[in-house]
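Remarks on the structure that follows.
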Amino acid sequence: MPRDLVAKVLKSSQPGSTVDVRGWVRTKRESKGGFAFLEVNDGSCFGNVQVVVDGKLPGYETWIKEITTGASVAILGEVVESPGKGQRVEVRANEVRVLGTADSATYPLQKKGHSYEFLREKAHLRPRTNTFGAMARVRNALCDAIHRFFQDRGFLYVHTPIITTSDCEGAGQLFQVTTLDIAKLASGGRESSGSTSPVDYAHDFFGKKAGLTVSGQLEAEIFACAVGDVYTFGPTFRAENSNTTRHLSEFWMVEPEMPFYELEDDMDLAESFVRTIIKDVLNRCPDDLAFFNERIEPTLLESLHHIVEHDFIRLTYTEAIEILLKSGQTFEYPVSWGTDLQSEHERYLTEQHFKQPVILTDYPRQIKSFYMRCNDDSKTVRAMDVLVPRIGEIIGGSQREERHDLLVSRMQECGLNPEDYWWYLELRQYGTVPHAGFGLGLERTLQLMTGMHNIRDCIPFPRAPKTADF
RNA sequence: UCCUCGAUAGCUCAAUUGGUAGAGCGAGCGGCUGUUAACCGCUAGGUUCUAGGUUCGAGCCCUAGUCGAGGAGCCA
């Protein structure tokens, strides 16, 4: 399709050139003086191109009525310098074709602003709004920056399975994947023969209980311990009944895993990663981010530049506890060594005490996962969380326990059956190496990048409890 | 899952102590204008989330439910 993108027309088209612009009408300003202005957007950039339509064009009286907010049009015209304010150039139409009308009496999107709650119910149309068009472009730029960061450093992109039979980490509720007939089971039927249990997973599709992955980490470790630095980047599923502005049932996660890395290397990579991808998106999407800064979060650009330009604060969990205890703040949840930090504690550290991203390390072992490497103090593990203002945790990572016997005892301590993780343990039995990795939540990073308050507005089609339309 | 709040015109909201349902925007029509969240006038538009209950009378009070928002937990 040899159409001309609005982005190109606005940025570089010279007066006198002929263009073929196609897109959706945002507004029409009609003049009975015999002409009309159309604002046409095709998603290629934040801005619209202003199209000037002369009333003397053939059939004007007929088709100008069909052009309303939301209609799709094809404009053949000439780029001219704009005498009006607000745009460098505009398009003087020679030919206008209405490709699809949008009945103004029923088209849900109006020229005025809508609430995000309303737009979530119109997920099929909300990409046509300023906010969600900008979000789509920022999300794309962010994903590109993520791949570029790892590819530039020689990481391999590894695809880990979406359907899994190992309840990885023991954390996170799995969505079950089954071909068993639920209705039949519910009515007292049996999906198995000769078993007293109503459900015999040996007869299920995979021959055992299966679910959607909650993390690709364990599989990523397999490849890190074979082909070097790797990363996964794909959807992740949590069946938790979380109803917050920071949780989704289906979200995208980036999980690098690096052999021969210790915790300090892991932190260095995580910090470099966050700062680099933010910088890349700042460079690539200035118009979109300016919009978010103006309409959504007035401190957005300032805070993003601050993150890019300053080193992250690094301290241990124990040091953080001391700071919180000495803060003089009254917290709803008391601070004490050995319990996990609450949202209010994280926010105090990132938003009030340090006013920038913080990496906390060496958490108590009893509040962290089995695979994290135990410190010599036998009280803490080599975990690290990257906390940022407004959002909280966007990265959780650790150096992995590479010592076979210690890993087995940690599994037992966490109530896991080592036999279920036989292949994970064999990585430690045969040619084990120190290694580390972390996970970054894509949509939380988008919250940070755009200032959008609800994570459901940072993914095209959000999945959350009672929410899976479109 | 817990706490708090909410659901009224297409959208955002108002409605005094329980007493005939309102505005702005949007839409339709008309006017005006190189306009740019255009502007001015007129018109239409309602089973007040659902099901019960109290009352002479319920948008408002009571009970249950559904959905939504914010906060919390879990986490990324």
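Proteins come first, then strands; the chains are lettered A, B, ... in the order of their sequence lines, and each starts at number 1.
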In whole Å, I'd like the distance from the NZ atom of A:Lys466 to the P atom of B:rU1. 6 Å
A:Phe37 ring over B:rG34 six-membered base ring, under 5.5 Å and 30°: no
Tell whether A:Asn48 reaches the base of B:rU36 with its side chain through a donor-acceptor pair below 3.5 angstrom. no
Among B:rG68, B:rG73, B:rA27, the one nearest any side-chain atom of A:Ala105 is B:rA27
Rounded to the nearest angstrom, tell me the gap between atom CD in A:Glu30 and atom P in B:rU33. 14 Å
Return the nearest nucleotide to the side chain of A:Gln110; candidates are B:rG68, B:rU36, B:rC25. B:rC25
Kindly indicate whether the side chain of A:Gln342 and the base of B:rG73 share any N or O donor-acceptor pair separated by less than 3.5 Å? no
Electrostatic pair A:Arg314:A:Asp268 at N-O distance under 4.0 angstrom: yes
Indicate yes or no: does A:Arg444 engage A:Glu393 in a salt bridge with an N to O separation below 4.0 Å. no
Please give, in whole Å, the distance from B:rC11 P to A:Leu125 CG? 14 Å
For atom CD1 of A:Ile367 and atom P of B:rG73, their distance in whole Å: 13 Å
Rounded to whole Å, CZ of A:Arg456 lies from C1' of B:rG68 at a distance of 9 Å
A:Arg148, CZ atom: more than 12 neighbouring heavy atoms under 6.0 Å: no
Do A:His114 and B:rC11 have a side chain to base donor-acceptor pair shorter than 3.5 Å? no
A:Tyr333 and A:Glu344 side chains, donor-acceptor separation under 3.5 Å: no
Pair assignment for B:rA15, Watson-Crick or G-U wobble, requiring both distances under 3.5 Å: none
Go ahead and name the base partner of B:rA64; Watson-Crick or wobble counts if both distances stay under 3.5 Å, otherwise write none. B:rU50
Rounded to whole Å, the CD-C1' distance (A:Glu346 to B:rG71) equals 15 Å
Counting distance alone, no hydrogens or angles: does the base of B:rG34 have a donor or acceptor under 3.5 Å from a partner atom on the side chain of A:Arg92? yes
Starting at the 5' end of RNA chain B and moving along, which residue's nearest nucleotide shows up first, A:Glu121 or A:Gly439? A:Glu121
Kindly state which residues belonging to residues 131-148 of chain A come within less than 4.0 angstrom of RNA chain B, counting heavy atoms of the residue only, listed by number. none
Any strand, both distances under 3.5 Å, Watson-Crick or G-U wobble: B:rG57 pairs with none
Does a salt bridge link A:Arg22 with A:Asp42, judged by any charged N lying under 4.0 Å from a carboxylate O? no
Has A:Arg153 got its NZ or CZ under 6.0 Å from the middle of the six-membered ring of A:Phe149, at an angle within 45 degrees of the ring axis? yes
Base partner of B:rG34, which must satisfy Watson-Crick or wobble distances under 3.5 Å: none
Using whole Å, what does the distance between atom C1' of nucleotide B:rU1 and atom CZ of A:Arg238 come to? 18 Å
Nucleotide opposite B:rA72 in a Watson-Crick or G-U pair, distances under 3.5 Å: B:rU1
On the nucleotide B:rU36, are OP1 or OP2 found under 4.0 Å from the side-chain N or O atoms that A:Arg26 carries? no
For the side chain of A:Ser242 and the base of B:rC74, is some donor closer than 3.5 Å to an acceptor across the two? yes
In terms of side-chain heavy atoms of A:Glu117, which of B:rC67, B:rA69, B:rG73 is nearest? B:rA69
Measure from CD on A:Glu332 to P on B:rU4 and round the result to the nearest Å. 13 Å
No-H, no-angle donor-acceptor pair, A:Glu240 side chain to B:rU1 base, under 3.5 Å: no
Tell me, do A:Gln366 and A:Glu413 make a side-chain contact under 4.5 Å, heavy atoms counted? no
Of all the choices, B:rA38, B:rG73, B:rA27, which nucleotide is nearest to the side chain of A:Thr27 once you look at every atom? B:rA38
What about A:Arg29, does its side chain sit under 3.5 Å from the base of B:rC39 through a donor-acceptor pair? no
Which nucleotide in the list B:rG70, B:rU35, B:rG28 gets nearest to the side chain of A:Asn454? B:rG70
All pairs passing ring pair (Phe, Tyr, Trp, His ring centres under 6.0 Å) where residues 119-139 of chain A contributes a residue, at least two apart: A:His124-A:Phe470
Salt-bridge present (A:Glu240, A:Arg238; N to O < 4.0 Å): no
Return the 5'-most residue of the pair A:Arg120, A:Asp385 with respect to RNA chain B, ranking by each residue's nearest nucleotide. A:Arg120
